[in-house]
**Student:** 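Structure in structure tokens, see below.
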There are 2 protein chains.
Amino acid sequence: MASIRDVAKAAGVSLGTVSNAINRPEVLAPLTLRKVQKVIEEMGFVPNASARNLRAGRNRVIGLIVPDISNPFFTALAMGVNDAAFAAKYVVILCNTDESTDKESQYLEVLSAQNVEGILITPARETIRALAKVAEKGIRLALVDRPALGLQACSVAVNDSYGGSLALTHLHELGHRKILLLTGSEDIPQVADRNTGIRDSMKEIPANQLPQIMELRLDSMSASNAYDAMMKKIESGVDFTGIICGNDLIALGAIRALREKNIAVPEDVSVIGYDDIDFAGSANVPLTSISQPAYELGFAAAELIISECENPERHVHQRIEFQPRLVVRSSTAPTKSHRANLRIS
Amino acid sequence: MASIRDVAKAAGVSLGTVSNAINRPEVLAPLTLRKVQKVIEEMGFVPNASARNLRAGRNRVIGLIVPDISNPFFTALAMGVNDAAFAAKYVVILCNTDESTDKESQYLEVLSAQNVEGILITPARETIRALAKVAEKGIRLALVDRPALGLQACSVAVNDSYGGSLALTHLHELGHRKILLLTGSEDIPQVADRNTGIRDSMKEIPANQLPQIMELRLDSMSASNAYDAMMKKIESGVDFTGIICGNDLIALGAIRALREKNIAVPEDVSVIGYDDIDFAGSANVPLTSISQPAYELGFAAAELIISECENPERHVHQRIEFQPRLVVRSSTAPTKSHRANLRIS
DNA sequence: CTGAAAGCGCTTACAG
DNA sequence: CTGAAAGCGCTTACAG
């Protein structure tokens with residue numbers, strides 16, 4: 001591989017001049033510049049990034065850590081991050097943790113060893129301490145889909161509490177009074193926040209209409225996990241008419257289990273998803289879901305961290321919050337008794 | 001940021017000893033080793049990757065260039081790449097080209113500026129020349145889902161010609177004699193190869209059963225594009241009973257259009273997808289599809305390029321080929337006349 | 001406007 | 001077994 005020294009020799013100038021041709025072309029005499037550029041072109045010279053980074057202390061690399069890239073929500077988010085990074089000539093290292101705290105901290109180390117300038121992370125769980133450690137090393141952080149909670153960092157999130165309330169209110173209005181929450185561990189902040197939203201909106205409901213809430217916690221928020229859990233749950237009796245799922249994949253898995261057990265969706269049981277992934281509309285039973293702007297989330301987060309990297313002194317940490325939106329399709333419907341009541345009145 | 005010099009001072013040893021503690025612990029006296037390790041631990045020291053790379057001439061970074069990461073096929077592929085890389089302590093930069101040749105070559109430049117050790121690429125189109133240029137710079141290449149065609153490089157692919165023949169044979173056996181090919185441009189090698197497979201298997205079919213093939217080319221192989229094209233096609237008459245789609249997203253889009261026009265799938269028209277993405281089974285009409293081992297494809301490709309990076313002299317370029325598999329679900333069925341014939345005989 | 005020199009943080013022969 | 005020194009390829013003040 002050609003080095004800057006080879007170029008200098010070939011062009012008959014010094015090292016510094018070649019460097020200037022690359023980084024500060026305006027300080028060179030036009031003729032010298034042209035001469036050097038020609039040689040660079042001919043030799044196909046590309047500056048060694050490692051050396052450059054070592055000197056400059058920056059490398060235009062950011063890391064993105066997500067719990068599950070196969071979840072279309074995170075795929076869309078990653079696309080947003082990538083597009084924003086590409087526009088700013090940054091590059092992103094993708095890290096998929098499979099929701100494992102272990103892998104998450106390993107990736108955190110790998111990324112800091114790579115000296116990335118910033119890390120965009122949707123922490124799998126409460127990993128504030130590990131994050132604080134990374135921040136100490138001078139790596140900038142932005143939290144995605146999650147508030148920064150005490151950390152000095154930017155964050156981009158969706159109002160999860162509002163999302164939870166949106167889901168509950170929808171089912172309540174359809175007459176559902178026995179509702180199953182099919183979701184992940186409450187350690188996951190999004191889950192906790194949505195539950196808060198659900199509880200809060202319960203307070204607005206007259207006592208005689210108050211729905212009863214049951215919870216079923218999943219280890220991993222995947223379709224197959226939801227399917228297995230749901231199959232078991234059904235065998236021990238269906239004492240609910242509505243299900244609020246932690247994401248659309250869970251909803252898809254749950255619906256598969258219900259249909260296999262000949263429980264009709266939405267006639268017997270209504271199911272509401274979360275995220276409104278692309279497929280939600282073409283699903284077996286087109287999914288009612290809470291829509292989150294995943295791409296925009298990623299794009300905004302990347303812009304935030306890049307602007308911080310480019311202008312550390314002028315940068316002020318900020319928190320961007322998007323609002324979720326209810327999208328009604330065919331997986332939710334009024335309960336039978338609610339339909340009857342409507343007929344009477 | 002702590003440097004190796006700070007650690008040396010704190011531990012009361014020389015630079016070299018700290019470096020040895022990290023890279024060749026076996027040469028140190030156990031006591032010295034322990035002492036240094038303790039200080040490293042306390043200071044949370046992480047060696048600067050840029051400096052390390054500069055010395056070593058390597059950086060354990062590979063790039064992955066795919067045309068559409070939102071397509072679950074490529075998401076799965078990316079996961080395979082990531083997992084293989086993670087296991088080998090490599091890191092991967094994800095590049096999404098949106099099937100744009102422009103973006104592809106820009107990413108190629110960005111990656112070579114970053115001095116990645118290797119690039120895994122599924123070229124959007126014929127970009128052999130740009131690739132050859134990159135290879136000249138000493139960046140190792142592996143072609144994914146696509147043969148290497150003259151390039152000195154490894155490749156990992158699926159037998160697309162066989163996949164095409166699988167699809168045609170399936171529809172033919174179900175009695176379909178008027179088949180629409182709904183796919184991307186023939187510039188895309190996968191598309192061309194499948195068409196070859198289709199043509200080849202036509203030769204095996206008795207003349208009186210020979211299906212008639214129509215083609216409809218899509219600019220972009222997305223669901224919405226397929227939906228639009230299909231809506232138009234239907235309006236100008238449905239002169240086919242079966243559709244072979246370029247991927248599952250296309251199949252999903254086509255089915256949506258058909259249903260909207262009250263054409264039943266599979267009763268009136270059979271649709272066969274390609275890729276067998278996770279979602280295929282939970283689709284509106286569970287999709288018959290040609291399954292490709294996307295994750296394995298990515299995993300194998302990453303292993304190949306990493307082994308080349310680790311052992312350049314011993315490395316021999318190889319070509320790994322996976323076989324596709326027909327997965328029959330509910331979107332294909334015998335034609336009406338075929339059903340009648342079966343009843344008679 | 002151009003060149004010589006210092007130094008970014010590390011690794012690795014080489015002396016001792 | 002440990003330390004001092006050279007050098008990876010680049011950038012950036014600083015002289016000239």
Side-chain angles (χ1 to χ4, degrees), chain A residues 1-40 43-61 109-110 112-117 137-139, chain B residues 1-40 43-61 89 112-117 137-139 310:
Chain A
M1 276 250 260
S3 83
I4 205 174
R5 155 167 280 121
D6 302 322
V7 177
K9 202 174 292 171
V13 296
S14 78
L15 287 190
T17 301
V18 178
S19 176
N20 281 333
I22 298 167
N23 301 298
R24 307 187 287 183
E26 66 282 2
V27 308
L28 290 196
L31 245 102
T32 321
L33 177 59
R34 215 131 4 114
K35 186 172 61 178
V36 177
Q37 283 177 334
K38 198 167 150 239
V39 176
I40 289 179
M43 306 182 66
F45 168 71
V46 183
N48 178 316
S50 300
R52 218 168 178 176
N53 299 339
L54 177 55
R55 275 290 332 201
R58 2 183 344 195
N59 58 9
R60 293 185 168 269
V61 179
E109 284 200 14
V110 173
S112 73
Q114 290 284 348
N115 277 133
V116 296
E117 290 193 45
K137 291 183 189 153
I139 299 178
Chain B
M1 274 251 262
S3 84
I4 205 174
R5 156 168 280 121
D6 302 321
V7 176
K9 201 175 293 172
V13 296
S14 77
L15 286 189
T17 302
V18 177
S19 176
N20 281 332
I22 298 167
N23 301 299
R24 307 188 288 183
E26 66 284 1
V27 309
L28 289 197
L31 244 102
T32 321
L33 177 59
R34 217 135 359 118
K35 187 172 60 179
V36 176
Q37 282 177 334
K38 201 169 149 237
V39 176
I40 289 178
M43 305 183 66
F45 168 71
V46 183
N48 178 314
S50 300
R52 220 169 177 175
N53 300 337
L54 176 54
R55 275 288 335 201
R58 12 182 334 199
N59 59 7
R60 294 184 168 272
V61 179
K89 295 174 187 263
S112 74
Q114 288 285 348
N115 276 135
V116 297
E117 291 194 43
K137 292 185 189 151
I139 299 179
E310 305 272 290

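Labels below follow one simple rule: chain letters A, B, ... track the order of the sequence lines, proteins then strands, and each chain is numbered from 1.
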**Student:** OG/Ser19(A) to CZ/Arg55(A) distance, rounded to the nearest 0.5 angstrom?
**Tutor:** 9.5 Å
**Student:** Working note: Val13(A) + Lys35(A), criterion side-chain contact (heavy atoms from CB on, under 4.5 Å); need CA distance, chi angles, decisive distance, verdict.
**Tutor:** CA-CA 10 Å; Val13(A) 296; Lys35(A) 186 172 61 178; 4.1 Å; yes
**Student:** Pairing of DNA chain C as dot-bracket, 5' to 3': ( ) intra-strand, [ ] crossing, | other strand, . unpaired, with Watson-Crick or G-U pairs under 3.5 Å?
**Tutor:** |||.||||||||.|||
**Student:** Just wondering, more than 12 heavy atoms not from Glu109(A) lying within 6.0 Å of its CD?
**Tutor:** no
**Student:** Please find the earliest and latest nucleotides of DNA chain D, in the 5' to 3' direction, that have an atom within less than 4.0 Å of any heavy atom of chain B.
**Tutor:** dC1(D) to dG9(D)
**Student:** Just wondering, do Val7(A) and Met43(A) contact through their side chains at under 4.5 Å, heavy atoms?
**Tutor:** yes
**Student:** Taking all non-hydrogen atoms of both residues, which atom of Val39(B) and which atom of Ala11(B) are closest, and how far apart?
**Tutor:** CG2-CB, 3.8 Å
**Student:** If you compare all heavy atoms of Asn20(B) against all heavy atoms of Leu28(B), which two are closest, and at what distance to 0.1 Å?
**Tutor:** CB-CD2, 3.9 Å
**Student:** Taking Gln114(B) for its side chain and Asn59(A) for its backbone only, find out whether a donor-acceptor pair lies under 3.5 Å.
**Tutor:** yes
**Student:** Kindly state which residues belonging to residues 14-33 of chain B come within less than 4.0 angstrom of DNA chain D, counting heavy atoms of the residue only, listed by number.
**Tutor:** Ser14(B), Thr17(B), Val27(B), Leu28(B), Ala29(B), Thr32(B)
**Student:** Would you kindly compare Ala51(B) and Val13(B) by the position of their nearest DNA chain D nucleotide and give the one closer to the 5′ end?
**Tutor:** Val13(B)
**Student:** Arg52(A) near the nucleic acid: base, sugar-phosphate alone, or nothing, with a heavy-atom cut-off under 4.0 Å?
**Tutor:** sugar-phosphate
**Student:** Please step through side-chain contact (heavy atoms from CB on, under 4.5 Å) for the pair Asp6(B) and Phe45(B), ending with a clear verdict.
**Tutor:** CA-CA 9 Å; Asp6(B) 302 321; Phe45(B) 168 71; over 6 Å; no
**Student:** Would Asn115(B) and Arg52(A) count as a side-chain hydrogen bond (donor to acceptor under 3.5 Å, both in side chains) if you check the C-alpha gap in whole Å, the side-chain angles of each, and the deciding distance to 0.1 Å?
**Tutor:** CA-CA 11 Å; Asn115(B) 276 135; Arg52(A) 218 168 178 176; over 6 Å; no
**Student:** Give the minimum heavy-atom separation between Ala21(A) and Pro25(A), together with the two atoms involved.
**Tutor:** O-CB, 3.8 Å
**Student:** Could you check Ala56(B) against Gly12(B) and say which one's nearest nucleotide on DNA chain D is further toward the 5' end?
**Tutor:** Gly12(B)
